[in-house]
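Just so we're clear, the structure is a prediction, and the values are computed from it rather than from any experiment. First listed ligand is number 1; within each ligand, the first listed atom is number 1.
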Amino acid sequence: MEMKDRGQRIRMRRDNLDGIPEYPPPEGWRLRWFRRGDERHWLEIHEEADKISDIHAGLHRQEFGDGLDELSRRQVFLVSPEGAVTGTVTAWWSDDFYGERWGRIHWLAIRPEHQGKGLAKPLMTAVCQRLKELGHDRAYLTTSTARVAAVGLYRKFGFVPDIADDRERDVWRALEGIAG
Ligand SMILES: CC(C)(COP(=O)(O)OP(=O)(O)OC[C@H]1O[C@@H](n2cnc3c(N)ncnc32)[C@H](O)[C@@H]1OP(=O)(O)O)[C@@H](O)C(=O)NCCC(=O)NCCS
């Protein structure tokens, strides 16, 4: 069996949701929010894009439940000019990030054939703005040292390392050494 390099789990945070970089979708592309049946698109995108997590049929429900109210305002999809659902991210939250309620950027992915074209940026703009609209005033995320592109993107959006102890400081130092 192929061994996945999962890297080390890391967190990033943004202590406010002011001044979110504004990237609209490219011409012809559009964003739309979750509707019933999108579970399948979500799974397909992550199956294709995610080389680290174990993606399985029940994962969407496990992560988000099946409440249409929350999903339809929190989970967004990027749709190509041809109507292909190409990327997704979710404006989720936690009631217990250091014991407090924080917005959470959750499960971002772009299909591999469309990566590196700037398409994750409009998803990040949309989801940060949505968190703010929903009353969140700060946000965090978890990712991995193996997800170099994602960490670069989150930095671009003003997320900074969330470091709880010396071990995590060393992990970030090593990552930044690699990233230059
Ligand atoms: C992370 C991911 C969503 C980025 O999507 P993308 O559409 O390729 O990203 P973009 O083209 O919009 O790039 C946005 C920024 O990300 C960073 N980035 C993208 N690819 C990068 C790479 N190969 N190396 C370093 N930084 C990179 C850059 O900061 C880039 O901004 P720039 O183009 O102005 O330099 C995509 O790589 C993906 O789906 N990866 C697999 C799933 C995953 O890791 N999701 C994150 C879970 S935490």
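Ligand 1 has no nitrogen or oxygen under 3.5 angstrom from a nitrogen or oxygen of Ala109. Considering backbone and side-chain N/O of Arg147, one or more are found under 3.5 Å from N/O of ligand 1. For ligand 1, the polar-atom distance check against Ala150 finds no nitrogen or oxygen pair separated by under 3.5 Å.
No close placement of the Trp92 and Trp107 rings is indicated, their centers lying 6.0 Å or farther apart. Between Phe77 and Trp33, the ring center distance fails the sub-6.0 Å criterion.
With ligand atoms numbered from 1 in the order given, ligand 1 contributes 48 (S) to contacts under 4.0 Å with heavy atoms of Thr143.
By the neighbour-count criterion of 12 heavy atoms within 6.0 Å, atom CZ of Arg36 is densely surrounded, having more than that number from other residues, nucleotides or ligands.
A salt bridge between Asp69 and Arg74 is absent, with no side-chain N of the basic residue lying under 4.0 Å from a carboxylate O of the acidic one. The existence of a salt bridge linking Asp15 and Arg138 is excluded, since no basic side-chain nitrogen approaches an acidic carboxylate oxygen closer than 4.0 Å. We find that Glu176 and Arg173 are not joined by a salt bridge, their nearest charged nitrogen and carboxylate oxygen being 4.0 Å or further apart.
Across every non-hydrogen atom of Phe159 and Ala139, the tightest pair is CE2-O, 3.6 Å.
The shortest contact between atom 46 (C) of ligand 1 and any protein heavy atom is with Leu108 O, 3.4 Å. Counting protein heavy atoms only, atom 11 (O) of ligand 1 is closest to Gly118 N, 2.7 Å. Nearest protein heavy-atom neighbour of atom 16 (O) of ligand 1: Leu153 CB, 3.3 Å. Closest protein heavy atom to atom 8 (O) of ligand 1: Gly116 N, 2.7 Å. Looking from atom 4 (C) of ligand 1 to the surrounding protein, the closest heavy atom is Ala120 CB, 3.8 Å.
Of the listed residues (Lys117, Gln115, Lys156), the one carrying the non-hydrogen atom nearest atom 35 (O) of ligand 1 is Lys156. Atom 13 (O) of ligand 1 has its nearest heavy-atom neighbour, among His46, Lys121, His106, in Lys121. Comparing Ala49, Ala149, Pro112 by heavy-atom distance to atom 20 (N) of ligand 1, the nearest is Ala149. Comparing Ile110, Ile10, Val148, Leu123 by heavy-atom distance to atom 39 (O) of ligand 1, the nearest is Ile110.
In this structure, atom 2 (C) of ligand 1 is not in close contact with the protein, since no protein heavy atom lies within 4.0 Å of it.
Looking at His106, Arg104, Gln75 one by one, the single match for side-chain hydrogen bond (donor to acceptor under 3.5 Å, both in side chains) with Thr90 turns out to be Gln75.
The closest approach between any non-hydrogen atom of Trp107 and ligand 1 is not below 4.0 Å.
A donor-acceptor contact under 3.5 angstrom links the side chains of Asp162 and Tyr98, judged on distance only.
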